[in-house]
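Atoms within a ligand are numbered from 1 in the order they appear, just like the ligands themselves. All residue numbers in this chain count up from 1 along the given sequence.
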Amino acid sequence: MNTGTLRATGLRFRFTGQTTDLFALDRLELTAGHMLGIRGASGAGKTTLLHCLAGIEPLTTGSIVWDDTDITALPGAGLTRWRQQKLGLVFQDFHLVEGLSALDNVLLPASFTGWRIAPALRSRATRLLSRVGIAEPTRRAELLSRGERQRVAVARALLFAPPVVLADEPTASLDPENREIIADLLCGLVREHGATLIVVSHENALLHRMDRVLELRSGTLQAAEAAHV
Ligand SMILES: Nc1ncnc2c1ncn2[C@@H]1O[C@H](COP(=O)(O)OP(=O)(O)OP(=O)(O)O)[C@@H](O)[C@H]1O
């Protein structure tokens, strides 16, 4: 059975101390294996929405159900476990750990689980790095260019072939050639695994690959105008 079905209802988010909601969405649904693009002006709330869908930022009200798990009702430890088992996340600012190599950064989610890192997993991490064009897996994160860090972050999100992949501007720091490579990899691997993908992006070329594109505007999600996708 495909996993990665999203049913989110009554999503409302307001930062503490603010007098208005950043967004208020009646409903957001996604079938497992589908790819959704979210675009919108800077400051519209796209990253915050993605973080809510990842269970990183708590909603003000509403529920987010991935398959049969309401992540808004999970206690902290349960939420962490859900993220480890189900979610691949590409952060806008990558969240690589300096002092660790590119390879160890890709393997980081495995080290959080406390599992011994099996040789097969190490090989998969190395393969993913090669597919995103990182020739030196032993190079430390702080010595990588911004674009290289972004590619390592994408490889890390795909380590466990998670059923849900959320990516915040995954091609923003890349030149056109690498944008294409990362878009191919992200969409290709997601299709291979039948994963559900939500991408926040301003890049038309990436958004064009999505099954559906919505625009976050004035706190609501609307169908993106054809000219913009
Ligand atoms: N802790 C906070 N308290 C109040 N407002 C905040 C806080 N954090 C972020 N914001 C504001 O919330 C708004 C939405 O931020 P968010 O990063 O989600 O937007 P975005 O659409 O992803 O923007 P961008 O495209 O520039 O990355 C912004 O105006 C931001 O300044």
Kindly check if the number of other-residue, nucleotide or ligand heavy atoms within 6.0 Å of CG (D26) is above 12? no
Looking only at distances, please establish whether an N/O atom of ligand 1 is found under 3.5 Å from an N/O atom of A44. yes
Identify whether the distance between the nearest side-chain nitrogen and carboxylate oxygen of R209 and E180 falls below 4.0 Å. yes
Kindly assign one of parallel, tilted or perpendicular to the pair F91 and H95, based on the angle between their ring planes and the thresholds 30° and 60°. parallel
Could you tell me, atom by atom, which parts of ligand 1 come under 4.0 Å of a heavy atom of A41? 21 (O)
Passes salt bridge (Lys or Arg N to Asp or Glu O under 4.0 Å), E192 versus R131? Steps please. CA-CA 14 Å; E192 267 171 43; R131 283 182 75 173; 3.7 Å; yes
I want to confirm something. Looking only at heavy atoms, which of T48, I38, D168 is nearest to atom 18 (O) of ligand 1? T48
CG of L11 to CG of L59: how many Å apart, nearest 0.5 Å? 5.5 Å
Assess whether atom CD of E98 is packed by more than 12 heavy atoms of other residues, nucleotides or ligands within 6.0 Å. yes
Ignoring hydrogens and angles, state whether a donor on the side chain of S173 or R146 is under 3.5 Å from an acceptor on the partner side chain. yes
Nearest to atom 21 (O) of ligand 1, what protein heavy atom do you find, and at what distance? K46 NZ, 2.7 Å
Out of all atoms in ligand 1, which are within 4.0 Å of some heavy atom of Q92? Include the element for each. 27 (O)
Hey, mind stepping through V199 and L186 against side chain to side chain contact (heavy atoms under 4.5 Å, CB included) and telling me if it holds? CA-CA 10 Å; V199 157; L186 197 57; 4.2 Å; yes
Give me the nearest non-hydrogen protein atom to atom 26 (O) of ligand 1 as residue plus atom name, then the distance to 0.1 Å. S42 OG, 2.6 Å
Report, in ascending order of atom number, the atoms of ligand 1 lying under 4.0 Å from any heavy atom of G45. 14 (C), 16 (P), 18 (O), 19 (O), 20 (P), 21 (O)
Counting from 1, what ligand 1 atoms have a heavy atom of H202 closer than 4.0 Å? 25 (O)
Distance to 0.1 Å, residue and atom name: give those for the protein heavy atom nearest to atom 17 (O) of ligand 1. T47 CB, 3.7 Å
Write out the residue and atom name of the closest protein heavy atom to atom 11 (C) of ligand 1, then the distance separating them to 0.1 Å. F15 CE1, 3.8 Å
Heavy atom of protein closer than 4.0 angstrom to atom 31 (O) of ligand 1: no
For atom 14 (C) of ligand 1, grab the closest protein heavy atom and report residue, atom and distance to one decimal in Å. G43 O, 3.4 Å
